[in-house]
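Here the structure is laid out as C-alpha cells; the discussion comes afterwards.
Order of appearance sets the numbers: ligands from 1, and atoms from 1 within every ligand.
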Amino acid sequence: MRVIGTMLIGNEDVTGSEPAFRAVDPATGEPLEPAYAGGGQAHVERAARLAEEAFASYRTETPRRRAAFLREIGARIMALGDVLIERAMAESGLPRARLEGERGRTVKQLELFAAAVEAGDWHGVRIDHAQPERQPMPRADIRMRYLPVGPVAVFGASNFPLAFSVAGGDTASALAAGAPVVVKGHPAHPGTSELVGRAIRAAVQAQGLHEGVFSLLFGADHRIGLALVEHPAIKAVGFTGSRTGGVALMQAAARRPEPIPVYAEMSSINPVYLLPGALKARARSVAEGFAVSLLGSAGQLCTCPGLLVGLDGPELDAFIETAGQRIGASEPGTMLTPPIHQAYQAGVQKLSQQPGVTVRARGGEPQAPNQCQAVLLEATAQAFLQNPEGLGQEVFGSCALVLRCEDEAQMLEVARSVEGQLTATLHLEAGQDEHLIRALLPVLELKAGRILANGFPTGVEVCHAMVHGGPFPATSDPRSTSVGTAAIQRFLRPVAYQDIPDAFLPEPLQAANPWGVPRMEHR
Ligand code: NAP
C-alpha cells in the first residue's frame, strides 16, 4: 500500500479544498511527498454526519462483533508491513526499533480493548430489583448500564505516531465503547496516518460496519480541529499534545450550545523525589537510571522525568555528578518536528535564565537539523518555591532540573507546590525513609495520576489498572485515564431503566443476561 495524500471520509478518498502541507523529515529538514490538501468545513460536516449515522447501528453491535473489528484493525496494521515503519521513520525521526515496538504496543492495545469489550465490565450493570412489599413505599425495578456518548473526535499525538495516533489508545477506547471516531491527523505524520487509516477503513468494510464508523481528516492549520470540536454531531474529544492546544479545544468545547467533554492530556514534569536513604544507598545507580529515562526518545515522552527533588548534601552531589556525566556524554537525538525542536530550544533558554538556575551538564553538540542537546539544570528548592511558574513548566525534550532542598519540610513544600502531574516517583529505601514516605504519599496522591517507587515514569504499561491521567494541567479531566482499559469510561454515560418490561430492555439488563455480562444485583 502506498500513500496518496487524501483524507478518508467514510468509504471515500477525498482531496481537501484548503491549502496543502507536507510532512517534513526532521532528520534532513526536507519535505516529504505527497502534499496533503487541508480539509474544510464541508469535509468536517460530511465526516461528522456520517459518524452520527453510523452511531445508530454501531452502538448496538454485539460485544463479539465489536471485538472482532478491533482485532481486525490490529491484523491489518501488521499487514501493512515495512511500508508503515519506513514512512513513520521518515516522518518522525524515530528509530526503527522504537517504531516496531510502538506498532506492537498499538496492536496489543487493540487486543486488550477487544478482550475488555468481551469481558463486559464496561457495561457497568447494576440492578436494584423491585421491592413491591417495601414499606412505606414499594421500590421500583431500577437497572443501570453504560452507553456510548456518541461520535468522538480524536487528535493524534506527534510523539507516538502509532500508539497515540490514528489507531491509538483514544481511537481504540472510543471504538470499544461503541463510539464512531473522526480523527484529526497530526500534521507531522500524515502518511503514517493515512496508512493506518486505510487499515481501519478496510477493517470497517471487512466487518460489514457502517462506513461512518471511522474517518480521517487533515488540516494545514487549527481551523479544521476547531470546526470538528464545534460540530454538533461530535459528543466528546480525545487529545494528546500541548497545553495551549488542549486548553484551546477545552474552551471551544465549553463554548458550544451543547458543551461536550474534552479529554486532553497535555503537560507534566513528572517529579522524582530522591529520598535520603535511597540516595545514601545508591545515588549513582539511580542517576544512571534517570539519565536513561531522560534521554530515551530525545525526552519527547509525556512521562519524561523533568524535575528531581533531593536533600542538599554529598549524596545529591554524587547523583548530579553521575547524571551530568551520562548526559554530557549523550549523543543528540533527532526531535519529531522542527517546531518541537524550536520549542525545546526556547524552553531550555527560558528555564536556564530563571533566577537561581545553573546549567550542570549539556549533551553532545547537534550535528544535524532538529537535534536535541540534552541539558541538566540545578536550582535551590527556595528558588523554585519563589518562582514555581518559571521553574515548573514542561520543556518537551531531554531537559531536567534538580532541586536542592534544605530539609524534609522543604521537600514536602515543593511536592505541594507543583502543578497536577501524570506521575510522581519516589526513590526510597525501605526501613530508612518511612517517615518521609508517609508524609509524601498523601500529598502526591492528590497531585498525580500514578505514583511509583524505585523506577522511572517512562514506559507506560498498557493494562487494566494503569492510570495515565492526573489533575490539570496534566490533563483536562482528572477523573480519567487515556491509557489502559479504564480509558473506555471516558466515552460512556450511565442510563437507568425503571420498570421497563424485560422484552424491551437492552441485552445486558435482561433477566436471561444473554451476553453473560457481569452484574451487580441487589434484591
Ligand atoms: P500541539 O501543537 O498541541 O498539536 C496537537 C494537535 O492539536 C495537532 O493536530 C494540532 O494540529 C492541534 N492543535 C494544536 N493547537 C490547536 C488549537 N489551538 N486549536 C485547534 N487545534 C490545535 O502538539 P504537538 O504538535 O504534538 O507538539 C507541540 C508541543 O506539545 C510540544 O513541544 C510539547 O510541548 C507538547 N506535547 C506534549 C505532549 C505530552 O504528552 N505532554 C505530547 C506531545 C506534545 P494543527 O496545528 O494543525 O491545528
For [atom], which protein heavy atom lies nearest, and how many Å away is it?
{"atom": "atom 30 (O) of ligand 1", "value": "Ser242 CB, 3.1 Å"}
{"atom": "atom 24 (P) of ligand 1", "value": "His186 NE2, 3.5 Å"}
{"atom": "atom 28 (C) of ligand 1", "value": "Ile340 CG1, 4.0 Å"}
{"atom": "atom 12 (C) of ligand 1", "value": "Phe155 CD2, 4.2 Å"}
{"atom": "atom 37 (C) of ligand 1", "value": "Gly241 O, 3.3 Å"}
{"atom": "atom 40 (O) of ligand 1", "value": "Cys302 CB, 2.7 Å"}

Do [X] and [Y] sit within salt-bridge range, that is, some charged N less than 4.0 Å from a carboxylate O?
{"X": "Glu111", "Y": "Lys108", "answer": "no"}
{"X": "Glu461", "Y": "Arg450", "answer": "no"}
{"X": "Arg201", "Y": "Glu211", "answer": "no"}
{"X": "Arg223", "Y": "Glu18", "answer": "yes"}

If you measure every N/O of [X] against every N/O of ligand 1, is any gap under 3.5 Å?
{"X": "Ser268", "result": "no"}
{"X": "His222", "result": "yes"}
{"X": "Leu226", "result": "no"}

Atom indices of ligand 1 within 4.0 angstrom of [X] heavy atoms, with elements:
{"X": "Phe239", "result": "3 (O), 5 (C), 6 (C), 7 (O)"}
{"X": "Met266", "result": "37 (C), 38 (C), 39 (C), 41 (N)"}
{"X": "Ala248", "result": "17 (C), 18 (N)"}

Taking 4.0 Å as the limit for heavy-atom contacts, which would you say applies to [X] with ligand 1: side chain only, backbone only, both, or neither?
{"X": "Asp221", "result": "backbone"}
{"X": "Glu265", "result": "side chain"}
{"X": "Ser158", "result": "both"}

From the options Tyr344, Phe396, Phe160, Phe164, select the one whose nearest heavy atom is closest to atom 43 (C) of ligand 1. Phe396

Please compare Gln251, Glu394, Lys184 and report which has the shortest non-hydrogen distance to atom 10 (C) of ligand 1.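 Ranked by closest heavy atom to atom 10 (C) of ligand 1, first place is Lys184.
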
Less than 3.5 Å apart, which donor and acceptor atoms pair up between the side chains of residues 292-299 and the rest of the protein, not counting sequence neighbours?
{"unit_1": "Ser293", "atom_1": "OG", "unit_2": "Thr458", "atom_2": "OG1", "d": "2.8"}
{"unit_1": "Ser297", "atom_1": "OG", "unit_2": "Arg98", "atom_2": "NH1", "d": "2.9"}

Would [X] and [Y] count as having a side-chain donor-acceptor pair, cut-off 3.5 Å?
{"X": "Thr475", "Y": "Glu265", "result": "no"}
{"X": "Thr303", "Y": "Asn270", "result": "no"}
{"X": "Ser482", "Y": "His468", "result": "no"}

When rounded to the nearest 0.5 angstrom, what distance separates CG in Asn387 from OG in Ser417? 11.5 Å

All heavy atoms of Ser173 vs all of Ile488, minimum pair found to be CB-N, 3.9 Å

Run the contact test for Pro187 against ligand 1 with a 4.0 Å cut-off on heavy atoms, strictly below, and give the result.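 Flag set, Pro187 near ligand 1.
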
When the ring planes of Phe164 and Phe160 are compared, do they come out parallel, tilted or perpendicular, using 30° and 60° as the limits?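 Geometry flag for Phe160 against Phe164: tilted rings.
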
